[in-house]
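Indexing begins at 1, ligand by ligand and atom by atom, following the structure's order. Keep in mind the model is a prediction, meaning the values are calculated, not measured.
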Amino acid sequence: MPETPLEAKSPFELRVDLGNGVPETDVKSALASGDMGFLHSFTTGSTVDGPGVRVVAWTTGCTWRCQYCHNPDTWTLGNGIPVAVPRAVEELRKYRHGLKIMSGGLTISGGEPLVQARFVAKLLAAAHEMKVHTAINTNGHYGERLSDAELETLDLVLLDMKTWDPERHKRLTGMEPGPTREFAKRLAARRRPIWLRFVLVPGLTDDLADVAQIARFAAGLGNVERVDVLPFHQLGRFKYERLGIAYPLKDQSPPSPELVERVCAVYRAEGLTAY
Ligand code: SF4
């Protein structure tokens with residue numbers, strides 16, 4: 001079998017079992033030391049994962065189970081390619097000049113990157129050292145795994161906020177919203193910029209009163225530079241089918257442009273910039 005390349009055309013490539021040969025003890029020590037990480041892939045040329053043109057490292061491993069997740073193959077750590085830090089850094093080094101010219105940088109996404117916080121911290125430090133702009137896209141649940149010093153190597157956090165109401169949040173993601181909010185407050189206290197990401201799913205996250213609560217919270221932080229309202233889509237449906245995972249939203253429609261605009265207006269009403 002040919003080796004799966006680290007670079008992918010898009011995160012919508014289905015990737016499974018690429019790290020399953022790694023013994024459990026090595027996985028544990030990799031998580032503890034961060035010397036090795038598990039990556040779904042690297043993609044290049046993204047213009048939607050932070051400012052400018054980005055290289056995106058897609059990590060595997062996520063403890064959440066958002067009903068609308070479009071990359072369920074990234075839930076399992078062992079689906080990712082085991083990558084030693086020097087190899088990941090070399091991959092980034094190839095692009096560093098181009099990234100600077102295109103006002104871009106590195107974004108670490110997932111999965112949930114902070115499941116592999118030690119590895120992520122090493123990659124951020126290496127990028128920072130190369131003077132490459134750094135971002136992570138996170139649900140914020142494990143934000144406390146990054147030290148204050150490590151936050152200084154992070155130029156931007158793309159923070160997913162899913163819904164406000166705790167019961168609805170639990171139904172939607174399987175998890176409590178509190179740690180995400182605490183991380184947002186900590187980022188505000190440390191003056192690290194946030195781009196808030198909000199996935200809009202008709203009937204699930206389109207309660208405007210609920211959105212208004214997120215908007216008020218975000219506006220009160222003082223470090224939210226913009227809000228991206230991301231319309232739900234079905235690009236990940238085939239992954240559920242191929243993985244044999246029940247997909248509660250298989251017949252869900254995307255939001256209308258009017259609904260996207262109404263939700264953006266709720267954020268704007270709090271003085272935030274929303275797209
Ligand atoms: S936090 Fe992200 S990767 Fe994890 S289940 Fe939710 S959408 Fe998917």
Side-chain angles (χ1 to χ4, degrees), residues 8 10-16 18-19 31 37-43 46 48-50 56-81 107-117 119-120 135-146 157-166 168-184 194-202 204-206 214 227-250 252 254-255:
S10 93
F12 293 106
E13 280 185 18
L14 178 71
R15 295 187 162 194
V16 290
L18 299 171
L31 285 173
F38 292 82
L39 292 180
H40 173 278
S41 57
F42 261 90
T43 58
S46 166
V48 293
D49 296 290
V56 185
W58 303 92
T59 61
T60 51
C62 185
T63 52
W64 290 30
R65 291 294 177 266
C66 303
Q67 288 186 30
Y68 56 63
C69 183
H70 55 225
N71 280 324
D73 52 339
T74 65
W75 290 347
T76 309
L77 194 72
N79 278 349
I81 302 173
T107 300
I108 308 178
S109 188
E112 168 46 52
L114 296 181
V115 165
Q116 303 187 55
F119 175 73
V120 167
I136 59 169
N137 181 195
T138 175
N139 61 36
H141 192 83
Y142 297 115
E144 87 287 348
R145 293 184 179 182
L146 292 180
V157 176
L158 307 174
L159 184 67
D160 292 321
M161 290 193 76
K162 317 278 185 179
T163 193
W164 186 263
D165 177 75
R168 188 186 284 136
H169 195 279
K170 193 92 201 281
R171 276 199 307 279
L172 186 64
T173 69
M175 304 296 266
E176 310 288 344
T180 303
R181 296 181 203 169
E182 289 310 310
F183 186 49
I194 291 176
W195 286 13
L196 184 71
R197 298 187 131 193
F198 177 79
V199 177
L200 177 58
V201 192
L204 264 190
T205 65
D206 61 350
I214 300 178
V227 179
D228 288 311
V229 175
L230 308 171
F232 170 79
H233 59 69
Q234 285 287 10
L235 290 176
R237 181 165 61 188
F238 85 100
K239 289 191 173 185
Y240 286 88
E241 288 163 5
R242 297 268 295 278
L243 293 167
I245 301 173
Y247 182 33
L249 303 190
K250 66 179 167 27
Q252 174 72 51

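- Taking the six-membered ring where the residue is Trp, the centroids of Phe232 and His70 are separated by 6.0 Å or more.
- Between the side chain of Thr180 and the main chain of Gly140, no donor-acceptor pair closer than 3.5 Å is present.
- For ligand 1, the atoms sitting less than 4.0 Å from at least one non-hydrogen atom of Trp75 are 5 (S), 8 (Fe), numbered in the order shown with element in parentheses.
- Neither side chain, Thr59 nor Glu112, offers a donor N or O lying under 3.5 Å from an acceptor on the other.
- Tyr142 and Thr63 share a side-chain donor-acceptor pair at under 3.5 Å.
- Residue, atom and distance of the protein heavy atom nearest to atom 4 (Fe) of ligand 1 are Cys62 SG, 2.3 Å.
- Taking the six-membered ring where the residue is Trp, Tyr240 and Trp75 present perpendicular rings, their angle passing 60° and hence far from 30°.
- Contact analysis puts Lys162 in contact with ligand 1, with a non-hydrogen atom separation below 4.0 angstrom.
- When heavy-atom distances to ligand 1 are checked against a 4.0 Å cut-off, Cys66 comes that close through both its backbone and its side chain.
- Taking a cut-off of under 4.0 Å to the non-hydrogen atoms of Asn139, the atoms of ligand 1 that pass are 1 (S).
- Residue-ligand proximity, Gly111 to ligand 1, at heavy-atom distances under 4.0 Å covers atoms 3 (S).
- With hydrogens and angles disregarded, no donor-acceptor distance shorter than 3.5 Å links the side chain of Glu176 to the backbone of Pro166.
- Taking 2.8 Å as the threshold, Cys69 does not count as a candidate ligand of atom 6 (Fe) of ligand 1, since none of its N, O or S atoms lies below it.
- When non-hydrogen atoms are compared, ligand 1 lies under 4.0 Å from neither the backbone nor the side chain of Met175.
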